[in-house]
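Have a look at the structure below, then the notes.
Note on naming: letters A, B, ... go to the chains in the order of the sequence lines (proteins, then strands), and numbering restarts at 1 for each one. Quick note: numbers below take in every heavy atom, side chains included, and nothing from hydrogens, waters or symmetry partners. Everything numeric in this text was worked out from a predicted model, so none of it was measured.
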There are 2 protein chains.
Amino acid sequence: MKTADEFCHLNVACEDCGLSRLCLAGELSQEEVKQLGQVMTCRAGVEKGDHLFHANDQFDTIYAIRAGTIQSYLLMGDGQEQITGFHLAGELLGLEAISSQHYLYHCKALERSSVCEIHFQSFSQLAHTLPKLQQQLLFIMSNELAHSNQFNQLFGKQSARSRLVSFLLNMSARFQHRGFSATQFHLSMRRCDIAHYMGMNIETVSRIFSQLQQEGLIAAKGRYLHLLDMRQLKKISLGFHSD
Amino acid sequence: MKTADEFCHLNVACEDCGLSRLCLAGELSQEEVKQLGQVMTCRAGVEKGDHLFHANDQFDTIYAIRAGTIQSYLLMGDGQEQITGFHLAGELLGLEAISSQHYLYHCKALERSSVCEIHFQSFSQLAHTLPKLQQQLLFIMSNELAHSNQFNQLFGKQSARSRLVSFLLNMSARFQHRGFSATQFHLSMRRCDIAHYMGMNIETVSRIFSQLQQEGLIAAKGRYLHLLDMRQLKKISLGFHSD
DNA sequence: CGTGGAATTGAGACGAATCAAACTGAGTGG
DNA sequence: CCACTCAGTTTGATTCGTCTCAATTCCACG
C-alpha cells in the first residue's frame, strides 16, 4: 500500500498511469490516451474525509480513482450514514448521475486518495470522435451493472455470516485484480462502515469476525486482514454450513 | 391490459411504437428511428414460459420489451430460482452482458409478451454514426445503475413489511410511468416469485399481504391489486411504524 | 497517563424462517 | 354437474438468527 500512498502526491498523466487498463483509457492508442488526458485534470491529495461531491449536486464530472478508497453513502432520516459502496483505484464514480444530471449520493475519501476529474461534456464530445473510448465507457458501465446485480443476489437470502464472507472475498478479488495480495490486505473502512454497508449492525459484524478467527479461517488485527483458508471461506460464501 | 395484450400480435415498427420514449429511440428524429429499425427485428408472440436467453449463453442481442413481463432469474445450487428482476414494457434486457459477452441470468416471459431483438454489433456500428443513439444508450444504462443502487439501499436494513410495500410502490410507479393506473393493477408474478425476488419466503409475503389488507391499506384478490391508501403505504415503505 | 472513539462480548427481545396443515380455485374427467 | 387433483396460497406453532441494549476492553492520540 506504500506505493499507492506515494501516488497520491503525483500528477501522473494517463499514459503513465498503471491503472489505465482498469479505467477509461482501456485499449486506446497512445495518441488517443493523450487526447483523453486533455478532458481531465488530476487532483492529487484528496485528504481523508474530503468529499468529491454530495447527493443532489449538479452533475458535471466523472471521477476516476487513481489511488485510495472512496466511500459512497446516503444520509438517512435518523442521521445515520447508509453506505452504498466502497470504491477502489481504477473505478469510476458518478456514472449513475448521467441520466438525472444530479449525483445520487455523497462520496468521501476513507484515506488519503487521488482522483482524476473528467469533465463529462468534454469527454462526451471527444467520445464522438473516438469510438473506442465510447465503447470502453459502455464496457465499464455494463460491468458495473453486472456487479451491482451480483451484489443484489448476494443480499437476498444468505445469512449474515455468508454475506460478510462474500464481502471479504469480494474485497480480496478486487485487491488481487489491482496487483495486491488476495489473502493479506488492509481494510480502509471501520467495522461499523462494513456493517452499515451490509445492512447489519456493528455487533453482528464483530461477532462474525471473532467467530471466523476462532475457527482459524481468518486472522484479523484491527483493519489488517489475513484470509487463511480461502477454500473454506468460498464454501461459506456460497451458503454451505461449516461445522 | 387488453391493449398491451393486443400489441403482442403486431409487428409494430419503432416509429409507430408508443414506447419509443422509454426505449432506445428516445429523442431520435424520424429518419434516425428508421435506421434503428434496420438493426432490430420484432418478435411478437413470446408465450408464457418462453425464454429469451439463458445464463452463460453467448451475448449478441439486446432485447427491448414491447409488451408483457419478463422475469430474470438464476438457478441456485438447490435448484431453486433466485429471481433477479421483473421487467416491464420499454425496458432493455442484456445490457450487463456487454462487457463479459455472456448473459448473466435466464430470462423468461411471465405472460404472453412481445420483444424487439437488437443485434448488438450492428447497433453499435449504427451508434458510431448517430451520437444521439449512443447517448440514449448511455442514459438508459446510467438510469439502470441508479435504480439498481436504489434497490440496494432498499434491501439494506428495512423490515420485510417495509420492503414488500416498497416493492408494490415500485411496481405502481412503473405502471403509472407507462400510462396505467398507479393504484389498480395486475401482478403477473406469483406470490412465491415476489418472495424469491425480495429474499423472503412465501409465508412471510402472504402474511404481510393479509396484514395490509386487514388494515385497509390494500385490496388484493389473487394477482389483482388495489392500493387503497398511498400516503400510508409510502410511510411504511420509508420505515415508519404504523400502529 | 488519561481520554474518547472503536471494537468486543454478553443477555434478552423480536422478527422472519421453518415446519406442518388447511384452504382456495382452476382445470380435468367421469 | 360433481368429485377429484394439483398448484398456489393462507394460517398457525415453533425455532433460529439477528438486533437491541448494556457493559467491558482495546487502541490511537494528545
Side-chain angles (χ1 to χ4, degrees), chain A residues 48-49 71 76 78-83 110-112 155-168 186-215 218-225 236 239-243, chain B residues 48-49 71 76 78-83 110-111 154-167 186-215 218-225 236 239-242:
Chain A
K48 178 172 178 173
Q71 179 188 80
M76 307 309 277
D78 55 5
Q80 268 211 336
E81 289 184 1
Q82 167 66 37
I83 286 153
L110 281 180
E111 57 189 342
R112 167 170 264 257
F155 292 175
K157 305 183 80 77
Q158 309 277 7
S159 68
R161 182 177 156 96
S162 290
R163 282 157 51 205
L164 187 55
V165 169
S166 296
F167 169 76
L168 296 180
H186 176 259
L187 293 171
S188 46
M189 68 291 288
R190 301 170 297 184
R191 297 275 189 280
C192 137
D193 296 325
I194 298 176
H196 287 148
Y197 176 57
M198 305 292 295
M200 308 175 188
N201 61 8
I202 317 162
E203 294 93 326
T204 303
V205 169
S206 181
R207 264 183 261 272
I208 294 170
F209 264 90
S210 305
Q211 191 186 338
L212 292 170
Q213 205 154 3
Q214 274 174 14
E215 296 168 34
I218 67 171
K221 191 179 160 196
R223 296 188 185 175
Y224 278 95
L225 199 62
I236 293 172
F240 292 101
H241 304 287
S242 73
D243 17 295
Chain B
K48 178 173 176 171
Q71 179 188 80
M76 306 311 277
D78 55 4
Q80 269 211 337
E81 289 184 359
Q82 168 65 37
I83 287 153
L110 281 180
E111 59 189 340
L154 205 86
F155 292 175
K157 304 183 79 77
Q158 308 278 7
S159 69
R161 182 178 157 95
S162 290
R163 283 156 51 204
L164 187 55
V165 169
S166 295
F167 169 76
H186 176 259
L187 293 172
S188 46
M189 68 292 288
R190 301 171 298 183
R191 296 275 187 282
C192 139
D193 296 326
I194 298 176
H196 287 147
Y197 176 58
M198 304 293 294
M200 309 174 189
N201 62 8
I202 318 162
E203 293 95 324
T204 303
V205 170
S206 181
R207 263 183 260 273
I208 294 170
F209 264 90
S210 305
Q211 191 185 338
L212 292 171
Q213 206 154 5
Q214 274 174 15
E215 297 169 34
I218 68 171
K221 192 179 161 195
R223 296 188 185 177
Y224 278 95
L225 198 63
I236 293 172
F240 292 100
H241 305 286
S242 74

- Which nucleotide, D:dG8, D:dT11, C:dA6, lies nearest any side-chain atom of A:Arg190? C:dA6
Taking [atom1] from [X] and [atom2] from [N], how many angstroms apart are they, rounded to a whole number?
{"X": "B:Met189", "N": "D:dG8", "atom1": "CE", "atom2": "C1'", "answer": "15 Å"}
{"X": "A:Ile202", "N": "D:dT20", "atom1": "CD1", "atom2": "P", "answer": "10 Å"}
{"X": "B:Gln211", "N": "D:dG12", "atom1": "CD", "atom2": "P", "answer": "13 Å"}
{"X": "A:Gln213", "N": "C:dT8", "atom1": "CD", "atom2": "P", "answer": "8 Å"}
{"X": "B:Leu187", "N": "D:dT9", "atom1": "CG", "atom2": "C1'", "answer": "14 Å"}
{"X": "A:Phe209", "N": "C:dT8", "atom1": "CZ", "atom2": "P", "answer": "8 Å"}
{"X": "A:Met198", "N": "D:dC19", "atom1": "CE", "atom2": "P", "answer": "11 Å"}

Which atom names give the shortest non-hydrogen contact between [X] and [Y], and what distance separates them?
{"X": "B:Met198", "Y": "B:Arg163", "result": "O-NH2, 2.5 Å"}
{"X": "B:Leu110", "Y": "B:Met189", "result": "CD1-CB, 3.7 Å"}
{"X": "B:Arg190", "Y": "B:Arg223", "result": "CG-NH2, 2.8 Å"}

Drop me the distance from [X]'s [atom1] to [Y]'s [atom2], to the nearest 0.5 angstrom.
{"X": "A:Ile236", "Y": "A:Gln158", "atom1": "CD1", "atom2": "CD", "result": "11.5 Å"}
{"X": "B:Ile208", "Y": "B:Phe167", "atom1": "CD1", "atom2": "CZ", "result": "12.5 Å"}
{"X": "A:Ser206", "Y": "A:Gln211", "atom1": "OG", "atom2": "CD", "result": "11.0 Å"}
{"X": "A:Glu81", "Y": "A:Gln71", "atom1": "CD", "atom2": "CD", "result": "5.5 Å"}

- Message: Tell me whether the side-chain N/O atoms of A:Ser206 come closer than 4.0 Å to OP1 or OP2 in C:dT8.
- Response: yes
- Item | Side-chain heavy-atom pair A:Leu164, A:Thr204 within 4.5 angstrom cut-off | no
- Heavy-atom distance under 4.5 Å between the side chains of A:Val205 and A:Tyr197, does that happen here? no
- Message: Protein within reach of the bases, or only the backbone? For nucleotides 24-30 of chain D, mark each nucleotide 5' to 3' as B, S or -, using heavy atoms under 4.0 Å.
- Response: -------
- When every nucleotide of nucleotides 11-24 of chain C is labelled 5' to 3' by its protein contacts under 4.0 Å (heavy atoms), B for base, S for sugar-phosphate only, - for none, what sequence of letters results? B----SBBBB----
